[in-house]
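Source: prediction; values computed, not measured.
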Number of protein chains: 2
Amino acid sequence: MPEQRFTSVWTRESKPRRAQQGLSREQIVRATIELLDAEGMEALSMRKLGAKLGAGATSLYWHVANKNELLELAMDEVFGAVRIPDSENWREVVSNVAWGLRVAIMAHPWFTFVLGSLPALGPNALNCSAVLCAALSRAGFQGHDVDYAGAAVLSYTIGATAPEAAYTSALKSRGITMEQANRDLAPAVEQAVRAHPEIHARFQQAVDSTIDPIAHRQLSFDFGLVAMLDGLAARLPRSADMPANHLTN
Amino acid sequence: MPEQRFTSVWTRESKPRRAQQGLSREQIVRATIELLDAEGMEALSMRKLGAKLGAGATSLYWHVANKNELLELAMDEVFGAVRIPDSENWREVVSNVAWGLRVAIMAHPWFTFVLGSLPALGPNALNCSAVLCAALSRAGFQGHDVDYAGAAVLSYTIGATAPEAAYTSALKSRGITMEQANRDLAPAVEQAVRAHPEIHARFQQAVDSTIDPIAHRQLSFDFGLVAMLDGLAARLPRSADMPANHLTN
DNA sequence: GACGATTGTCGTACAGTGTGCGAGTGACCT
DNA sequence: AGGTCACTCGCACACTGTACGACAATCGTC
């Protein structure tokens, strides 16, 4: 049996391109993202995408090996949308990248779906990593710890945002408002809270509607991010720079 | 237009069940997990699942509303596989739950895929949350901070493990060994590292094969987890309990 | 026991999917 | 002028989730 090779958009050299004419890979990826944003993950089909571009479905296969490659490209584009801050303060850099990534993910909820199925090896993903690592390196981390710390921040950011994006996206794709969902969830939540009194706030938005759920989640995200940064800072040789002075009480 | 309602396996009361006969929901979920484990996400089809159970494909629809519900159930089963520790020490509890969840996810790589598309509202997911929150509450967190801290740990754990599981799963489903993948990735990695010298360790497994990649990732996971726990501990009123004394240097 | 209601199974069918293949088209280079 | 590429696309195949309605089996009630 001939052993398979590992392939990804990022592991093959690109084909030579003729002068601009008709479809281009960039154009296709852009259309893919538009379609995904507008109609969600399961509405994306090659035929629909082709139609949107005024082309046949199979024409796309000249520019892209398969649908998965297309998704890899789209995912990396989201990583590319993260604005990279320019600052000397490592906490500021790391924090801004994390927030930027969060915003990008929330704007493209299908992102977490793709991330769950395909590895993220694109240049923009690597760049996000690299920016974090550079800042952490300047902060004083050394050796493997640089990568570990960078991965930790990235992991937290993605892990915190993914379920949130999945949820809002699930609502949107079924055409349900958040109020309606909260109303539908209310009995189940009530029962869950009765069984586990410890988690009263996690779903409190569903019962207590005076709290803005979006603000609530931002607070939650910030709490974890600050904790992570504090934990990292404590690892630095002399951590004389800046206490944890953030918007959480 | 009649507004849609939000539905999930967990938001509808279960049907009355007659005495055990033929298919059962538990049996179906078990078979689903077996099939997913063995052949991966995209190999799961209702027809194949029916065949595996010696039943027609559409018979399944009596016990389950649709494929998504089935995935929700399977996902919650994974949450249920996390062994809940019994300890007074909050760090031990939290740390063990995090590691347990990590192990469960790695054993069922399709998990992160489902998590990316469907919200996790099942009892076992809630229970994981609740156990964490209970420990954190005993540790001294109060009010919303309890939930925030619990969510932070869960988020980090999932975010750190998801891409890893996705990657190994992608390899497995294409029948590629890790050595082969590393070989295929090597040129791309080399180029990436040249462009971003900051991230030399993230892919070092691909070049320097003397490091066991699995151990490497465990170290990385532990690093972030300890940082998160340290950051949380620092938030406690009097953090006189136990320094960060773990396997990282 | 009889009989209607409920629970459960399944064959068929429909609309739609990703993508392999091979024929076609036009632009470029020699 | 002729050949070689970069592309586009129609067709076809195997396969998907699931709505529907016809069946069988078992139950509660008389």
Whole angstroms only, please: what is the [atom1]-[atom2] distance between [X] and [N]?
X       : N      : atom1 : atom2 : value
B/Met41 : D/dT16 : CE    : C1'   : 13 Å
B/Met46 : C/dG11 : CE    : C1'   : 16 Å
B/Tyr61 : C/dG11 : OH    : P     : 15 Å
A/Leu23 : D/dC7  : CG    : P     : 10 Å
B/Ile28 : C/dT9  : CD1   : C1'   : 11 Å
B/Glu42 : D/dA14 : CD    : C1'   : 16 Å
A/Leu44 : D/dT16 : CG    : P     : 20 Å
A/Trp62 : D/dG10 : CH2   : P     : 18 Å

Check: Given that A/Arg47 and B/Ser59 both sit by DNA chain C, which one's nearest nucleotide is further toward the 5' end?
Finding: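 The residue mapped nearer the 5' terminus is B/Ser59.
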Next item on the list: Indicate the ring-plane relationship of A/Phe221 and A/Tyr156, choosing parallel, tilted or perpendicular according to the 30° and 60° boundaries.
Entry: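 Aromatic pair A/Phe221/A/Tyr156 classed parallel.
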Check: Between B/His63 and C/dT9, does any side-chain N or O lie under 4.0 Å from OP1 or OP2?
Finding: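 Yes.
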Side-chain atoms of residues 41-54 of chain B: list all donor-acceptor pairs with protein atoms under 3.5 Å, sequence neighbours left out, distances to 0.1 Å.
residue	atom	partner	partner atom	Å
B/Ser45	OG	B/Lys48	N	3.1
B/Lys48	NZ	B/Ala43	O	3.3
B/Lys52	NZ	B/Glu34	OE1	3.2

Check: What do you reckon, are the aromatic ring centroids of A/His216 and B/Tyr148 less than 6.0 Å apart?
Finding: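 Ring centroids of A/His216 and B/Tyr148 are less than 6.0 Å from each other.
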Notebook entry, point to check: Quick one: does A/Leu154's side chain get under 4.5 Å of A/Leu101's, heavy atoms only?
Noted result: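 In short, these two side chains touch, coming nearer than 4.5 Å.
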Notebook entry, point to check: Could a donor-acceptor pair under 3.5 angstrom be found where the side chain of B/Thr58 meets the base of D/dG17?
Noted result: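 Under the 3.5 Å cut-off, the side chain and the base do not form any donor-acceptor pair.
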Check: If you look at every strand shown and take non-hydrogen atoms under 4.0 Å, does B/Ser45 touch a base, only sugar-phosphate, or nothing?
Finding: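 Sugar-phosphate: the residue B/Ser45, judged by heavy atoms under 4.0 Å, touches backbone atoms but no base.
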